[in-house]
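A short write-up of the structure that comes next.
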Amino acid sequence: MAEAGTLAPAVVAWFARNARDLPWRRPDCTPWGVLVSEFMLQQTQVSRVVPAFEAWMRRWPTPAALAAEPASEAVRAWGGLGYPRRAMWLHRAAVEIVERHDGEVPADVDALLALRGIGPYTARAVAAFAFGLREPVVDTNTRRVIARAVRGHGEAGPPDARADLAAMADLLPHAASAAQSFNAGMMELGAVVCTARTPACDACPIASRCTWRAAGSPAYNGPRRRTQARFEGSDRQVRGIVMRELRAAHRPVTRDELAPAWADAAQLARAIDTLVADGLAAERADGLTLAE
DNA sequence: CTCCCGTCCA
DNA sequence: TGGACTGGAG
């Protein structure tokens, strides 16, 4: 086991010199900006999020500004970031912030968890990065760094939220500002150095303290992550195509007009039906639109 | 082709 | 507790 006290200072120092300059890390970024960035980053790579984030914050600089518009505008502005339900959730969270918190993003983890679309990761990320609170923040990158450096495993294995939060809490520096840098630094380290496939151990600030490295970087033998269903030809792909058409059309679109977009008529109908059921699309007599 | 990886819900 | 959800990068 790497000693808890020795890991954090090296990560904090490395992060101070190597942190990427990202818009949501700038000092003028508001708690709302941090919240928006975390929603966008939940499933989407940094490079794709940056332009969408900048445009979003120009248009909706506060929760109240977003809450004042229909959810369909949020989904349209979400564009091709993927998982458009996140745009619905973010709009819903903005409404809840206006209703319950007088338009101010709450700092309390439990209050954040009660908002739509905010789970264990995002709640702590907002508390830590927007408000400087000393909370353990654990995403998949942090899990992998802990698995390797502390536990000596090549991969993180199946998620165990309690164990992960406890492990991160043990490593967390006492000072709030150092804790904030450590939280961000562990994620950054996992994202750019201690990557899943080909970790750059030569560039790693904690290579000398890494249990996995010390053991000769053994192959992982534990339980494997479940394999992901194929995307090509999936209902997910068809849903994405339908949503792209609805975003582009600023008027109702009939099912007949959507027919050329996908050859399998039954699958197309199923995709439309589930989008309507999920509240992402709305269907009236004159056709389909993004749900208000 | 494989990997990415947080939240919600059955 | 594990499957569904988008679209892009390697």
Side-chain angles (χ1 to χ4, degrees), chain A residues 34-52 74-93 96 109 112-129 136-147 154-165 168 183 186-187 190-192 194-200 220 223-248 261-262 267 270-281 290:
Chain A
V34 173
L35 179 57
V36 170
S37 75
E38 292 297 346
F39 265 85
M40 291 183 170
L41 290 163
Q42 276 171 7
Q43 296 285 304
T44 306
Q45 297 87 339
V46 164
S47 60
R48 296 170 58 209
V49 165
V50 169
V75 172
R76 206 186 301 281
W78 197 257
L81 286 182
Y83 297 107
R85 56 181 52 182
R86 287 182 293 161
M88 300 283 295
W89 290 341
L90 179 52
H91 179 269
R92 184 68 220 168
E96 291 168 349
V109 169
L112 287 161
L113 281 171
L115 299 173
R116 181 93 271 199
I118 295 192
Y121 164 75
T122 304
R124 290 178 177 81
V126 171
F129 302 137
V137 181
V138 179
D139 76 342
T140 192
N141 293 307
T142 296
R143 295 188 68 241
R144 185 173 54 253
V145 175
I146 290 176
E155 292 183 19
D160 181 341
R162 280 172 307 284
D164 294 335
L165 281 176
M168 192 60 182
N183 276 319
M186 287 287 274
M187 289 193 287
V192 306
C194 192
T195 54
R197 223 91 84 90
T198 50
Y220 180 70
R224 302 239 103 205
R225 236 194 315 270
R226 61 180 183 271
T227 53
Q228 164 116 307
R230 169 177 257 80
F231 178 67
E232 200 68 28
S234 67
D235 285 4
R236 298 163 76 166
Q237 182 182 22
V238 186
R239 285 167 57 105
I241 289 167
V242 171
M243 288 301 289
R244 191 175 65 210
E245 298 292 332
L246 296 187
R247 285 197 308 269
W262 193 255
Q267 191 181 22
R270 186 165 68 240
I272 293 170
D273 291 344
T274 62
L275 287 169
V276 171
D278 289 348
L280 283 161
L290 297 176

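Numbered from 1 within each chain, the chains take letters A, B, ... in sequence-line order.
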Atom-pair distance ([atom1] on [X]; [atom2] on [N]), nearest Å:
X	N	atom1	atom2	result
A/Trp89	B/dG6	CH2	C1'	8 Å
A/Leu165	B/dG6	CG	C1'	14 Å
A/Arg86	B/dC8	CZ	P	13 Å
A/Glu155	B/dC5	CD	C1'	13 Å
A/Arg230	C/dG3	CZ	C1'	18 Å
A/Leu35	B/dT7	CG	C1'	14 Å
A/Glu38	B/dC5	CD	P	13 Å
A/Arg124	B/dG6	CZ	C1'	13 Å

Exercise for the section: Please work out if A/Leu41 contacts a base, only the sugar-phosphate, or nothing of the nucleic acid, heavy-atom cut-off 4.0 Å. Expected result: nothing
Practice task
Just call it for A/Asp278: base, sugar-phosphate, or nothing, with non-hydrogen atoms closer than 4.0 Å on any strand.
Solution key: nothing
Practice task
Using the P atom as the reference point in each nucleotide, state the distance between B/dC5 and C/dG10 in Å, no decimals.
Solution key: 13 Å
Might you point out which heavy atoms bring [X] and [Y] nearest each other, and give the distance in Å?
X	Y	value
A/Glu96	A/Leu115	OE1-CA, 3.3 Å
A/Tyr220	A/Pro158	OH-CD, 4.4 Å
A/Val75	A/Ala87	CA-CB, 3.8 Å

Problem - Donor-acceptor pair between A/Gln42 and A/Tyr121 side chains, under 3.5 angstrom - result: no
Handout entry: Polar side chain donor-acceptor pair, A/Arg86 to A/Thr44, under 3.5 angstrom
Key = yes
Using nucleotides 7-10 of chain C, report all nitrogen or oxygen pairs with the protein that are shorter than 3.5 Å.
none

Handout entry: Side chain A/Glu155, main chain A/Ala196, donor-acceptor under 3.5 Å
Key = no
Problem - Nucleotide paired to B/dC9 in any strand shown, Watson-Crick or G-U, under 3.5 Å - result: C/dG2
Problem - Nearest-neighbour nucleotide for the A/Arg116 side chain, B/dG6, B/dC4, B/dC8 considered - result: B/dC8
Problem - A/Asp139 vs A/Met186 side-chain heavy atoms within contact, under 4.5 Å - result: no
